[in-house]
Structures are given as structure tokens and as C-alpha cells.
Amino acid sequence: MFVLMMYGQPLSLALPEDFGLGERFWYWRGASGQRYIHSIYQRHLCPPVPGAVYVLVRVCGGSRRALAVGRFDAEGNMSGALPAGGQPGEEEIHVHLLAREEETARHVMRDLLAAMAVPPPVEAKAYARPVQLELLAA
């Protein structure tokens, strides 16, 4: 059995912190390898965004872990069964606002859901490769 895992990174890895955007945006990578930028909201402060793709995120010790992926319905409610909220400030809603067309939004959601079903990559051990020496005739 493996833990569902999806990997992401803050926008601050792509932009200097001087812009002040590091904790407002986050990239989540889909199973296809495509990165999708998301706006970060505290769970209780997330505005309704009809049709947008969201990632429910647990924040633990400075790291973020995706718990669920879904879409806001036509009224701006989060669709699907969401895990019950924990302590205040413990969970965030990351909202992808760039998928404006229905098919594009469905594609983004499927890609992110597929990424959650993939087991985390195993760290490859670095092995020293033997050097093949050839003797050259002088």
C-alpha cells in the first residue's frame, strides 16, 4: 500500500521573493509532468469560484500535501467529499484559475487526480560506475 502523493513547489522557486508572491501561489505537477499554478487560500477564507479546479492541502511543518482534488460546482461550492477540517490554519485550498474552458478544466483535474494515484518516486542510490580504461599504444 502506498500513500497518495502529489508533488508541488512554491512560486518563489521561480520568482524572487522580492515580489512577495512566494506564499500566495503554488505549483502542482500533474501525472503528465505539466505544472499548474494555484492561488493559495486558507480553507475558511476561500472564495467561491464556479468551475475552478481546487486542491485541498494539508500543511505540516512547512511542507504541503495534497489531500483531494476537485472542482467548484456552478454555485461555487466545492464538489465531492472533502475530508473534515482539522485545526484552523491546518488546511489550505489551492485554486487553479487559468482553466477557463470546460474541457481544459476537466483535463487539469484529471491530470492532478492521476498524479495523486502515482506512488512517490523511489530515491535512486548513487552508485559509482567503474571507469573503463583503455591502454593506448605509444
Side-chain angles (χ1 to χ4, degrees):
M1 182 173 146
F2 59 87
V3 176
L4 294 179
M5 185 66 78
M6 187 168 60
Y7 298 95
Q9 67 189 74
L11 181 63
S12 59
L13 291 178
L15 291 176
E17 263 314 300
D18 295 345
F19 294 126
L21 301 175
E23 291 301 311
R24 292 190 52 218
F25 300 99
W26 192 266
Y27 281 109
W28 287 103
R29 187 177 304 274
S32 68
Q34 175 69 37
R35 295 184 329 156
Y36 303 100
I37 191 166
H38 290 71
S39 297
I40 300 174
Y41 296 96
Q42 293 300 317
R43 185 172 182 167
H44 63 285
L45 296 175
C46 185
V49 190
V53 176
Y54 67 82
V55 178
L56 176 64
V57 177
R58 169 77 34 93
V59 180
C60 279
S63 66
R64 289 178 164 100
R65 187 177 74 121
L67 300 176
V69 174
R71 287 188 63 200
F72 287 90
D73 64 20
E75 288 80 38
N77 300 310
M78 285 188 268
S79 61
L82 292 177
Q87 299 296 321
E90 190 175 289
E91 293 175 343
E92 299 172 334
I93 303 293
H94 293 200
V95 182
H96 180 70
L97 299 168
L98 299 180
R100 298 203 169 128
E101 297 172 359
E102 181 65 23
E103 184 55 37
T104 305
R106 278 194 302 238
H107 170 75
V108 170
M109 188 175 82
R110 283 192 304 262
D111 196 19
L112 292 174
L113 283 169
M116 288 188 69
V118 175
V122 177
E123 289 281 328
K125 293 182 181 179
Y127 292 103
R129 187 175 191 174
V131 177
Q132 193 74 12
L133 297 177
E134 293 182 21
L135 298 176
L136 300 174

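For clarity, every value in this text was computed on a predicted model and none was experimentally measured. For the numbers below, each heavy atom of this structure counts, side chains included, while hydrogens, waters and symmetry mates do not.
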Indicate the ring-plane relationship of H94 and H38, choosing parallel, tilted or perpendicular according to the 30° and 60° boundaries. tilted
So, taking the atom named [atom1] in [X] and the one named [atom2] in [Y], what distance separates them when rounded to the nearest 0.5 Å?
X    : Y    : atom1 : atom2 : answer
Q42  : I93  : CD    : CD1   : 9.5 Å
H96  : T104 : NE2   : OG1   : 8.5 Å
E91  : R58  : CD    : CZ    : 4.5 Å
R43  : M78  : CZ    : CE    : 6.0 Å
R24  : I37  : CZ    : CD1   : 10.0 Å
D111 : M116 : CG    : CE    : 13.0 Å

Is there a side-chain contact between E102 and R71, using heavy atoms and a 4.5 Å cut-off?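 Yes, at least one pair of side-chain atoms sits under 4.5 Å.
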Are any non-hydrogen side-chain atoms of F72 and V95 less than 4.5 angstrom apart?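 Counting from C-beta outward, F72 and V95 do come under 4.5 Å.
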Looking at [X] and [Y], what are the two nearest heavy atoms and their distance?
X    : Y    : answer
G30  : A115 : C-CB, 3.7 Å
A114 : A31  : CB-CB, 3.6 Å
S39  : F25  : OG-CE2, 3.6 Å
G51  : A105 : O-CB, 4.1 Å

Going by side-chain contact (heavy atoms from CB on, under 4.5 Å), W26 matches just one of V55, V57, I40. Which one? I40
